[in-house]
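Have a look at the structure below before the remarks.
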Amino acid sequence: MMESYIESSTKIKFCGLRTTEDVEEVNLLRPDFVGFVFAENSKRRISERQAELLKSQLQPGIFKVGVFVRDDPERIANLLHAGTIDIAQLHGGEDTEYVRKLREMTDHSIIQAFRIDSEADLLAAAKSEADYILLDSGNGGTGTKFNWELLKDFQRPYFLAGGLDPENVRDAIRILHPFAVDVSSGIETNGRKDPKKMELFVENVRRPEL
């Protein structure tokens with residue numbers, strides 16, 4: 001569980017790590033979370049063996065999040081129990097029954113992602129039985145923002161995703177005050193993680209006077 005790690009400052013999640021070079025940069029920058037994508041149709045997908053290798057190279061204290069799309073709950077639970085990942089992120093519109101079934105198998109934290117197009121989507125997110133929610137545009141990894149105005153009265157803490165990059169993340173934090181910011185394509189160049197963009201993203205999140 002992550003409760004003891006929650007503080008007042010905005011957390012950072014770098015999603016879609018794939019290479020040793022990605023992990024080396026992460027170890028220097030120390031985001032709070034990293035994401036390993038296991039979704040079949042994602043261009044950032046890695047295998048369980050790759051995830052285990054990257055995890056072995058990661059410095060302690062950084063939470064490892066596995067990103068899944070309607071995957072077998074037993075497989076997810078096994079990866080959690082093996083320590084390959086610390087947290088499961090459900091990114092395929094999984095229903096309440098699915099979340100409950102996974103929770104029966106593990107006491108690790110669950111993040112449930114929601115595509116936000118309307119206030120009805122926010123209402124569904126607010127009712128989620130997952131430990132944490134992630135608010136995104138599209139199906140994730142699209143590099144596009146949704147309408148942040150929808151979040152002005154939203155009370156539940158959340159991971160903010162969708163179209164974030166080093167240039168707009170400060171505005172996102174100033175306007176919305178999310179629990180965490182989640183970025184993938186916004187720190188890439190030509191489909192690969194870009195160390196300069198990663199560094200600037202962290203710098204802009206953690207600079208004072210927000």
Side-chain angles (χ1 to χ4, degrees), residues 2 5-6 9-18 22 26 29 31-39 41-46 62-70 85-94 99 109-126 128 130-152 154-188 191 193-194 197-198 200-202 204-206 210:
M2 296 191 298
Y5 203 76
I6 295 177
S9 59
T10 302
K11 307 304 178 190
I12 300 170
K13 176 168 171 272
F14 282 167
C15 201
L17 269 59
R18 287 181 286 174
D22 293 345
V26 160
L29 297 176
D32 305 280
F33 308 89
V34 295
F36 299 149
V37 178
F38 295 98
N41 295 326
S42 173
K43 62 184 178 182
R44 300 180 181 90
R45 177 179 178 269
I46 60 173
I62 302 172
F63 287 103
K64 305 173 294 295
V65 181
V67 181
F68 304 91
V69 173
R70 295 182 293 278
I85 56 175
D86 304 307
I87 303 160
Q89 179 176 315
L90 308 179
H91 223 297
E94 293 84 356
V99 174
S109 293
I110 299 171
I111 303 170
Q112 188 171 19
F114 291 85
R115 173 177 175 169
I116 304 302
D117 292 320
S118 67
E119 291 185 2
D121 298 324
L122 277 179
L123 181 60
S128 171
D131 300 281
Y132 301 93
I133 56 173
L134 182 146
L135 309 182
D136 203 350
S137 60
N139 294 318
T142 63
T144 59
K145 288 169 43 180
F146 61 90
N147 181 8
W148 289 350
E149 283 294 314
L150 293 169
L151 301 180
K152 61 183 180 181
F154 192 67
Q155 297 299 313
R156 181 170 175 173
Y158 56 89
F159 287 70
L160 178 67
L164 293 175
D165 58 40
E167 285 68 42
N168 66 17
V169 70
R170 282 178 67 83
D171 283 340
I173 295 171
R174 177 178 56 81
I175 296 167
L176 301 173
H177 307 291
F179 164 64
V181 285
D182 186 319
V183 64
S184 187
S185 61
I187 50 171
E188 293 179 349
K193 292 292 183 282
D194 184 324
K197 290 182 179 179
M198 295 167 78
L200 185 56
F201 190 93
V202 170
N204 284 343
V205 172
R206 292 179 174 163
L210 278 172

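Between Y132 and F179, the ring-plane angle classifies as parallel under the 30° and 60° cut-offs. Using the six-membered ring where Trp is involved, F38 and F68 have ring planes that are parallel, under 30° apart on the 30 and 60° scheme.
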### Task
Take L151 and I175 through the side chain to side chain contact (heavy atoms under 4.5 Å, CB included) test and state the conclusion after the steps.
CA-CA 10 Å; L151 301 180; I175 296 167; over 6 Å; no

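Interatomic distance, L134 CG to I111 CD1, rounded to the nearest 0.5 Å: 7.0 Å. One distance of note links CG of L176 with CD of E149; it measures 9.0 Å at 0.5 Å rounding. Going from atom CZ of F154 over to atom NE2 of H177 covers 15.5 Å, rounded to the nearest 0.5 Å. Between the CG atom in D32 and the CG atom in D182 there is a gap of 11.5 Å [rounded to 0.5 Å]. Here OG of S118 is found 10.5 Å from CG of N147. Values are rounded to the nearest 0.5 Å. With rounding to the nearest 0.5 angstrom, the CZ atom of R170 is 13.5 Å from the CZ atom of R206.
The two residues V67 and C15 come nearest to each other via the heavy atoms CG2-SG, 3.8 Å. The shortest non-hydrogen separation linking V69 to A39 is CG2-CB, 3.6 Å. When every heavy atom of R174 is checked against every heavy atom of D171, the shortest pair comes out as NH2-OD1, 3.1 Å. Residues K193 and S184 share a closest heavy-atom pair of NZ-OG, 3.5 Å. When all heavy atoms of Q112 and A130 are compared, the closest pair comes out as CB-CB, 3.7 Å. Contact between V37 and G16 at its shortest, heavy atoms only, is CG2-CA, 4.0 Å.
Annotation: N41, atom CG; neighbour count of heavy atoms from other residues, nucleotides and ligands within 6.0 Å does not exceed 12.
For N168, there are no side chain to side chain donor-acceptor pair (under 3.5 Å) partners, not counting sequence neighbours. Listed by chain and residue number, nothing satisfies the side chain to side chain donor-acceptor pair (under 3.5 Å) test with E94 (two or more places apart in sequence, or in another chain). Take E119 and apply the side chain to side chain contact (heavy atoms under 4.5 Å, CB included) test, not counting sequence neighbours, and it matches L150. Residues that satisfy the salt bridge (charged side-chain N to carboxylate O under 4.0 Å, His left out) test with K64, not counting sequence neighbours, are D86. Taking the side chain to side chain contact (heavy atoms under 4.5 Å, CB included) definition, one finds that V181 meets it with T10, I12, L164, V169, I173, P178, F201, V205, sequence neighbours left out. For the ring-ring contact (aromatic ring centres under 6.0 Å, His included) test, no residue two or more places apart in sequence or in another chain qualifies with F36.
D136 places a side-chain heavy atom less than 4.5 Å from the side chain of H91. A 4.5 Å side-chain heavy-atom check between L160 and F146 finds at least one atom pair inside the cut-off. Here the side chains of K13 and I87 are not in contact, with every heavy-atom distance at 4.5 Å or above. In this structure, the side chains of V26 and M198 come closer than 4.5 Å at one or more pairs of heavy atoms. Side-chain contact between V202 and F14 is present, with at least one heavy-atom pair separated by less than 4.5 Å. Considering only heavy atoms from C-beta on, E167 comes within 4.5 Å of L200 through its side chain.
Ring to ring, F159 and F33 are close: their centroids are under 6.0 angstrom apart.
Look at R44 and E188 and you find a salt bridge, because one of the NZ, NE, NH1 or NH2 atoms lies within 4.0 Å of a carboxylate O, short of that distance.
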